[in-house]
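Order of listing sets the numbers, starting from 1, for every ligand and every atom in it. Side chains included, hydrogens not; waters and symmetry mates left out as well; all remaining heavy atoms used.
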Amino acid sequence: MAGQDNIFAAPIEKLGDFTFDQKVAEVFPDMIQRSVPGYSNIISAIGMLAERFAKPHSKIYDLGCSLGAATLSMRRSIQQEGCEIIAVDNSAAMVERCRLHIDAYRSDTPVQVIEADIRNIDIADASVVVLNFTLQFLVPEDRQMLLEKIYAGLRPGGILILSEKYIFDDEQAHELLIDLHHDFKRANGYSELEISQKRSAIENVMRPDSIDTHKKRLTEIGFSSTEVWFQCFNFGSMFAIK
Ligand SMILES: Nc1ncnc2c1ncn2[C@@H]1O[C@H](C[S@+](CC[C@H]([NH3+])C(=O)[O-])CC(=O)[O-])[C@@H](O)[C@H]1O
Ligand SMILES: O=C(O)C(=O)Cc1ccccc1
């Protein structure tokens, strides 16, 4: 059963790097909902965008799918026939639970859940690609290459949906948006200790870019229309159309 996230509630003596292990997978819906401002809105809007952009007999990719929230939202919304959703995550615990979530509902759109590193999979004939809070976990050097592979695998007119935590060049703005995010977490029941231990645990594994860095990289790769369609504090989502 999915539970409440209290992973960082007690003091942890040797705080290691954050990983997507079984303990995290078990509480993930609660953790992401209470930690990422706008998460549910983004999940719904991914469904709306997929409904518009999914083309008949094309592939739809959900990269870093965790428990498949974006996949389920897209599968519910897609009207086109012959689409296939390919959901990929390299955490065995996430993939195992993702398959249970997907199998709990039936639909005409098939879903393949693959346990793999998104840097090693083929992407081809795609009309929609989703990176919902995943790119930020790749080492910065690998981000460009993954986005190039996505661009090459998209059909013309296809869409990439890229949600991320952001950093901001203006120091005052940056600090304020981080503080507001911490207020959001406090309002959702996280203690100061939970907030600070989680912050230390993700410090080395999650290195956000600025909105400007994202836009420049996407434009340089060749995407034509790149825009932020949602932002709440230091979290947001962009689309990039080929
Ligand atoms: N190289 C990689 N290859 C495959 N998977 C990876 C890799 N690196 C990280 N992951 C996976 O990316 C996911 C990131 S969570 C995505 C939420 C989801 N999209 C959602 O819409 O609920 C975001 C967060 O927790 O902030 C985890 O499941 C990792 O195992
Ligand atoms: O919790 C945080 O502070 C975050 O930045 C978001 C997050 C959510 C889930 C896993 C890792 C990071």
Below 4.0 Å from any atom of ligand 2, is there a heavy atom belonging to I32?
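No heavy atom of I32 comes that close to ligand 2.
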
Does ligand 2 have an atom that lies less than 4.0 angstrom from a heavy atom of F133?
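No heavy atom of F133 comes that close to ligand 2.
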
Starting from [atom], locate the nearest protein heavy atom and write down its residue, its atom name and how far away it is, to 0.1 Å.
atom                    : answer
atom 1 (N) of ligand 1  : D117 OD1, 3.1 Å
atom 30 (O) of ligand 1 : D89 OD1, 2.6 Å
atom 17 (C) of ligand 1 : S66 OG, 3.3 Å
atom 3 (N) of ligand 1  : I118 N, 3.0 Å
atom 11 (C) of ligand 2 : K198 CE, 3.7 Å
atom 6 (C) of ligand 1  : N90 OD1, 3.2 Å
atom 24 (C) of ligand 1 : F137 CE1, 3.6 Å
atom 21 (O) of ligand 1 : N132 ND2, 2.8 Å
atom 18 (C) of ligand 1 : G64 O, 3.5 Å
atom 6 (C) of ligand 2  : V36 CG2, 4.0 Å

Taking the six-membered ring for Trp, are the ring centroids of F53 and F239 within less than 6.0 Å of each other?
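No.
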
Which ligand 2 atoms are under 4.0 Å away from a heavy-atom of [X]?
X    : value
H181 : 2 (C), 3 (O)
K165 : 3 (O), 4 (C), 5 (O)
F235 : 5 (O)

Counting heavy atoms only, which part of K185 comes closer than 4.0 Å to ligand 2: side chain, backbone, both or neither?
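The part of K185 near ligand 2 is the side chain, not the backbone.
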
Within the 4.5 Å heavy-atom criterion, are F233 and H182 side-chain neighbours or not?
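F233 does not reach H182 side chain to side chain.
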
Out of F133, F235, F18, F20, who is nearest to atom 25 (O) of ligand 1 when you count heavy atoms only?
F20

With heavy atoms under 4.0 Å as the rule, classify the contact between [X] and ligand 1 as side chain, backbone, both or neither.
X    : value
A116 : backbone
L138 : side chain
R119 : side chain

Are the charged groups of [X] and [Y] less than 4.0 angstrom apart, N to O?
X    : Y    : value
D108 : R106 : yes
R119 : D117 : yes
R186 : D183 : yes
D103 : R99  : no

Would you say CD of Q22 has more than 12 non-hydrogen atoms from neighbouring residues, nucleotides or ligands within 6.0 angstrom?
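Check fails, neighbour count at 12 or below.
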
Atom pair OG1/CG of T71 and N132 - distance to nearest 0.5 Å:
10.0 Å

Between CD1 of I114 and OH of Y61, what distance do you get to the nearest 0.5 Å?
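One gets 8.0 Å once the value is rounded to the nearest 0.5 Å.
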
Distance to the ring centre below 6.0 angstrom and angle to the axis at most 45 degrees; does that hold for K198 and F8?
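Judged by the rule (NZ or CZ under 6.0 Å from the ring centre, within 45° of its axis), K198 is not positioned above F8.
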
Pairing residues for K55 by the salt bridge (charged side-chain N to carboxylate O under 4.0 Å, His left out) criterion, not counting sequence neighbours
none

Can you get from V228 to L218 by hopping between Ile, Leu, Val, Met, Phe, Trp and Tyr side chains that sit under 4.5 Å apart?
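Same cluster.
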
